[in-house]
Colleague: 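The structure's right below; bear with me while I get my questions together.
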2 protein chains.
Amino acid sequence: MNSVVAINRRARSDEQKALRRQTVLRAAEAYFLEVGYEAFSMAQLAKRAGLVKGTLYLYFKTREELFLTLYEESLTRWSQVFISNLSEPMSSEAYARALHNTALADGTFVPLLIRLEHVIEHNVSTPRLIESKRVFMQRVEVIAESTSKALALSLRQAKEVTKTMGVLLIGATRTDQGPSLEDEELPVDVQDLIASFSSEPLFVKNAVRIIEGIRAEATANSHKTNR
Amino acid sequence: MNSVVAINRRARSDEQKALRRQTVLRAAEAYFLEVGYEAFSMAQLAKRAGLVKGTLYLYFKTREELFLTLYEESLTRWSQVFISNLSEPMSSEAYARALHNTALADGTFVPLLIRLEHVIEHNVSTPRLIESKRVFMQRVEVIAESTSKALALSLRQAKEVTKTMGVLLIGATRTDQGPSLEDEELPVDVQDLIASFSSEPLFVKNAVRIIEGIRAEATANSHKTNR
DNA sequence: TTATATAGCTGACCGCCGATCATTTCAACT
DNA sequence: AGTTGAAATGATCGGCGGTCAGCTATATAA
């Protein structure tokens, strides 16, 4: 009945506890992919993971700490996929396209990213928040290194590109997160509006503008005196 | 006790109903400014508006339709303030700064904007959604017209700038929506990270890059043959 | 092999949420 | 004054995230 076999009735050793935590996380991810953030309930998750709601709270302090963990996992997973899709050198456009497509291909990453600051982080302990921010910084570092090579930018520039791409990604993928309705229900003017906010071209075009802007600032600065 | 005097025990005429709807909206806005989106409860709102929870649902189908109405109001209000802050001509940077500062100055606009697609629109009837999208299109039109004059761009370019600024605003104001915690609790590396995502410079710098990018594309295209 | 102590796990319970609806009540019209 | 229909009510619903006293499986000691 359950998707994961409960190996033991009780997890006593640290390894067993880690294993149980993992089965919860995997069940949570599968469930999240089905129903999304708002419809996700802890009681349902417990059922699917083959235990009871109270037990979940032995492994995660709050619903949001569970989501924060899923976010961290998806960030790391995505960053690896993204980096493996880069070549040296590549165009800004190809870079932007790779970033966008790998991000959207991971069903967990974007939905959690866009809720990170204004929902998830508000019900998480401060130490856990700090830990999470450090994971984030580390990923930025790693991505920036690859970005530097792919786009032939200084590390400082590459770091700025990396951070800015995150900002743009959040804004550009909004429409994909809107209500999914049959297009036939919508009048053409509204359909056109939604089409004009289609995330892929929106992201890619502006990513290129920003990357080229950052590149241009460097050459402009090198022509100036050091004030 | 109540902030608004209940003019009548019952609203019978259309004007009276509109008036009561307005008192609910004004109470909702004041309450929202105090507690934000997640802590906002319909029962509390009813108390503050001087009526009972069930009555709210005579005037708004769902909590989200109430928020959608507040969003539309704030969008219109902000766009007027923003436009009145534009001059002709002005620099991209001044334009971006005006946009960012007027948007953040309105306590309702940004918090609702960032939740629009992935929360609010998911519990709203399709006709109401269509109506709301049309209000949005109309505001884009109005803002684009002023943008065209302020930045000396074609209307087509100005419309693209306007839409893109919305996307960027959502991404850039994320950090402002994070948990508000005493800075002393955070280690310096995390403080630095948060500071590096400070929304004003983040927005302004990238807005300028995008605006200048759009401007440059026009001159580049005019040098090409019409393919 | 059996007794004991530990801690993982349970499920009933809490307060609150958004939303509904049969009933009450009052303003307007005859 | 009597009638009526819609505005307002408040009890009620199912479900939510989260808690906790008690149960019991399990590791260890005797």
Side-chain angles (χ1 to χ4, degrees), chain A residues 2 4 6-24 27-28 31-32 35-70 115 119-125 128, chain B residues 2 4 6-24 27-28 31-32 35-70 115 119-125 128:
Chain A
N2 300 322
V4 186
I7 35 134
N8 274 322
R9 304 265 282 123
R10 276 170 198 219
R12 310 273 310 213
S13 70
D14 284 356
E15 306 102 271
Q16 283 175 319
K17 287 203 256 183
L19 214 76
R20 173 140 298 176
R21 199 181 140 99
Q22 268 304 308
T23 71
V24 171
Y31 177 38
F32 179 73
V35 304
Y37 193 89
E38 276 73 25
F40 187 107
S41 103
M42 295 296 271
Q44 268 302 310
L45 170 61
K47 261 185 199 157
R48 297 181 55 133
L51 25 83
V52 119
K53 194 167 53 160
T55 310
L56 291 181
Y57 288 88
L58 300 176
Y59 292 89
F60 301 93
K61 282 206 207 87
T62 62
R63 183 178 122 113
E64 283 72 24
E65 292 213 2
L66 168 63
F67 279 122
L68 185 60
T69 306
L70 284 181
R115 286 167 176 90
V119 185
I120 299 176
E121 289 186 354
H122 281 274
N123 201 10
V124 151
S125 69
R128 188 67 188 80
Chain B
N2 300 322
V4 185
I7 33 133
N8 274 322
R9 304 265 282 123
R10 273 171 200 221
R12 308 277 306 217
S13 69
D14 284 356
E15 306 104 88
Q16 284 175 320
K17 287 203 257 183
L19 214 75
R20 172 139 298 176
R21 201 181 139 98
Q22 268 303 309
T23 72
V24 171
Y31 177 39
F32 178 73
V35 304
Y37 192 89
E38 276 72 26
F40 187 106
S41 102
M42 295 297 271
Q44 268 302 310
L45 170 61
K47 263 186 198 155
R48 296 181 55 132
L51 25 84
V52 118
K53 195 166 52 161
T55 309
L56 291 180
Y57 288 88
L58 300 176
Y59 293 89
F60 300 93
K61 283 208 207 85
T62 62
R63 181 179 124 112
E64 283 72 24
E65 293 212 2
L66 169 62
F67 279 122
L68 186 60
T69 306
L70 284 182
R115 286 166 176 90
V119 186
I120 297 177
E121 288 186 354
H122 281 273
N123 200 9
V124 150
S125 69
R128 188 69 188 79

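Throughout, a chain's letter reflects where its sequence line sits, starting with A, and its residues are numbered from 1.
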Colleague: What is the distance, to the nearest angstrom, from the CD atom on B/Glu38 to the P atom on D/dG18?
Modeller: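 That distance rounds to 13 Å.
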Colleague: If the threshold is 4.0 Å, N to carboxylate O, is there a salt bridge linking B/Arg115 and B/Glu38?
Modeller: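 Yes.
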Colleague: In whole angstrom, what separates A/Lys47's NZ from D/dG15's P?
Modeller: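 Atom-to-atom, A/Lys47 to D/dG15, this comes out as 9 Å.
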Colleague: Ignoring backbone atoms, test whether A/Arg63 places a side-chain nitrogen or oxygen under 4.0 Å from the OP1 or OP2 oxygen of D/dG17.
Modeller: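 For A/Arg63, the contact criterion (side-chain N or O under 4.0 Å from OP1 or OP2 of D/dG17) is met.
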Colleague: Taking OH from B/Tyr59 and C1' from C/dT20, how many angstroms apart are they, rounded to a whole number?
Modeller: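 Distance check: B/Tyr59 OH to C/dT20 C1' gives 17 Å.
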Colleague: Show the nearest heavy-atom pair for residues A/Leu66 and A/Leu45, with the distance to one decimal.
Modeller: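 That closest heavy-atom pairing would be CD2-CD2, 3.5 Å.
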Colleague: Is the backbone N or O of A/Ser13 less than 3.5 Å from a side-chain atom of A/Gln16, with the two atoms forming a donor-acceptor pair by type?
Modeller: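 Flag set: sc A/Gln16 to bb A/Ser13 pair under 3.5 Å.
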Colleague: Within the 4.0 Å heavy-atom criterion, would you say A/Lys17 contacts the bases, only the backbone, or no part of the nucleic acid?
Modeller: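 Sugar-phosphate: the residue A/Lys17, judged by heavy atoms under 4.0 Å, touches backbone atoms but no base.
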Colleague: Between P on D/dC20 and CG on A/Leu58, what's the gap in Å once rounded to a whole number?
Modeller: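 Whole-Å distance recorded here is 13 Å.
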Colleague: On the nucleotide C/dA19, are OP1 or OP2 found under 4.0 Å from the side-chain N or O atoms that B/Asn123 carries?
Modeller: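 Checking C/dA19 against B/Asn123, a side-chain N or O does come within under 4.0 Å of OP1 or OP2.
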Colleague: Can a donor-acceptor pair be found, under 3.5 Å and without considering hydrogens, that links the side chain of B/Tyr31 to the backbone of B/Met42?
Modeller: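 No.
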Colleague: When you measure from the centre of the six-membered ring of A/Tyr37, is the NZ or CZ of A/Arg63 closer than 6.0 Å and no more than 45° off the axis?
Modeller: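 Yes, a cation-pi geometry holds between A/Arg63 and A/Tyr37.
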Colleague: Between D/dG17 atom P and A/Phe67 atom CZ, what is the distance in whole Å?
Modeller: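 Distance, rounded to whole Å: 9 Å.
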Colleague: Can you work out whether A/Lys61 or B/Lys53 has the more 5'-proximal nearest nucleotide on DNA chain D?
Modeller: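 Result of the comparison: B/Lys53.
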Colleague: Could you check how far CG of B/Leu66 sits from C1' of C/dA19, rounded to whole Å?
Modeller: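 Distance, rounded to whole Å: 14 Å.
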Colleague: Name the closest nucleotide to the A/Arg20 side chain, picking from C/dC9, C/dT6, C/dA19.
Modeller: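 Selected nucleotide: C/dC9.
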Colleague: Taking the side chain of A/Ala11 as heavy atoms from C-beta outward, which of C/dG18, D/dA8, C/dC9 is closest to it?
Modeller: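 The answer is C/dC9.
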Colleague: Please figure out whether B/Gln44 or A/Thr55 has its closest DNA chain C nucleotide nearer the 5' end.
Modeller: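 It is A/Thr55 whose nearest nucleotide is closer to the 5' end.
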Colleague: Quick one: A/Leu56 CG to C/dG11 C1', roughly how many Å, whole number?
Modeller: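 From A/Leu56 CG to C/dG11 C1': 13 Å.
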Colleague: Considering only side-chain heavy atoms of B/Arg10, which listed nucleotide, C/dC9, C/dT25, C/dT6, is closest?
Modeller: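 Output: C/dT25.
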Colleague: How is A/Ser41 classified with respect to the nucleic acid when contacts are heavy atoms under 4.0 Å: base, sugar-phosphate, or nothing?
Modeller: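 Counting heavy atoms under 4.0 Å across all strands, the contact made by A/Ser41 is with sugar-phosphate only.
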Colleague: Would you mind classifying the nucleic acid contact of A/Phe40 as base, sugar-phosphate or nothing, using non-hydrogen atoms under 4.0 angstrom?
Modeller: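 If one applies the 4.0 Å heavy-atom cut-off, A/Phe40 turns out to touch the sugar-phosphate alone, with no base involved.
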Colleague: Measure the distance from CG on A/Leu51 to P on C/dT10 and round it to the nearest whole Å.
Modeller: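 Answer to the nearest Å: 6 Å.
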